[in-house]
Student: 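Just dropping this structure here.
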Amino acid sequence: TRTGSLAGLRFLMPALGGLAVSVLAHWLKSDLYGTGTHLARQEFRNLDNRLGLRETLGKWIASVATLGTGASAGREGPMFVVGAGIGALWARWCKLDVFWHRRFILAGAGAAVGSVFGTPIGGAIFAGEALDKVDRYRDWKGFGCALVVSGCAFFVFKALNGGPDLFPKESGSAIGV
């Protein structure tokens, strides 16, 4: 039957996604395997251009191929790296100093994670913790930037994708309206 032939294809889809990611990694000559957080962490600490346009776009396309074909992978790692990469690219294009470059990476990573998972505060905290596990880089103003950007990204994501209301209306109001 027609349904039986498509059922067999469903088991091949993760393998086809893995093949697509392997071809993409070879073509881009990029490190697309794993979560990629090591690239974001190296960029945050050393600012050595490890997280460029090629790595950011490659990680995004590889994540779409992996998750879209049903392979076993999480969303937080790829979103974290894509957000940090966008922040690093903006900082590099604006020719910002080291201080602001790090804040842009932190804000981008926090915004990506916070918006997709619906937790802007958690996204900002996660970005700060994941970017600097060893040195415990503490920049409260940087955390504030990440929190504001993460909150804005969350509301834009909700506006574009819909979902349940943040503040649902109740049928009976206390003021009788």
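FYI, the numbering just counts along the sequence from 1.
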Student: Roughly how far apart are Leu106 CG and Leu147 CG, rounded to 0.5 Å?
Tutor: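 So the gap between those two atoms works out to 10.0 Å.
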Student: Write down the atom of His101, the atom of Ala91, and the distance for their closest heavy-atom approach.
Tutor: ND1-CB, 3.6 Å
Student: In this structure, would Val81 and Phe126 fall into the same cluster of hydrophobic residues linked by side-chain contacts under 4.5 Å?
Tutor: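 Yes: a chain of side-chain contacts under 4.5 Å links Val81 to Phe126.
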Student: For residues Gly83 and Ala112, report the shortest heavy-atom separation together with the two atoms involved.
Tutor: CA-CB, 3.7 Å
Student: Tell me whether Phe99 shares a hydrophobic cluster with Phe104, the cluster being built from Ile, Leu, Val, Met, Phe, Trp, Tyr side chains joined at under 4.5 Å.
Tutor: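 Linked within one cluster.
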Student: Determine the minimum heavy-atom distance between Phe80 and Ala127, stating which atoms define it.
Tutor: CE1-CA, 3.8 Å
Student: Measure the spacing between CE of Met79 and CZ of Phe117 and express it to the nearest 0.5 Å.
Tutor: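 If I round to the nearest 0.5 Å, the distance is 8.0 Å.
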Student: Locate the shortest heavy-atom distance separating Phe154 from Gly114; write the atom from each residue and the value.
Tutor: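 The answer is CD1-O, 4.1 Å.
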Student: In this structure, would Leu160 and Phe155 fall into the same cluster of hydrophobic residues linked by side-chain contacts under 4.5 Å?
Tutor: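 The answer is no; the residues belong to distinct hydrophobic clusters.
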Student: What heavy-atom pair brings Leu89 and Leu53 nearest, and what distance separates the two atoms?
Tutor: CD2-N, 3.6 Å
Student: Is a donor on one side and an acceptor on the other found under 3.5 Å between the side chain of Ser150 and the backbone of Pro120?
Tutor: yes
Student: List the atom of Val113, the atom of Gly123, and the distance in Å for their closest heavy-atom pair.
Tutor: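 The answer is CG1-CA, 4.1 Å.
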Student: Flag the pair Leu96 / Trp90 as yes when at least one side-chain heavy-atom distance between them is below 4.5 Å, and no otherwise.
Tutor: no
Student: Look at the side chain of Arg41 and the backbone N and O of Ala130, then say whether any donor-acceptor pair between them is shorter than 3.5 Å.
Tutor: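 Answer holds: yes.
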Student: Run Phe143 and Ile125 through side chain to side chain contact (heavy atoms under 4.5 Å, CB included) and show every step you take.
Tutor: CA-CA 8 Å; Phe143 173 73; Ile125 293 171; 3.7 Å; yes
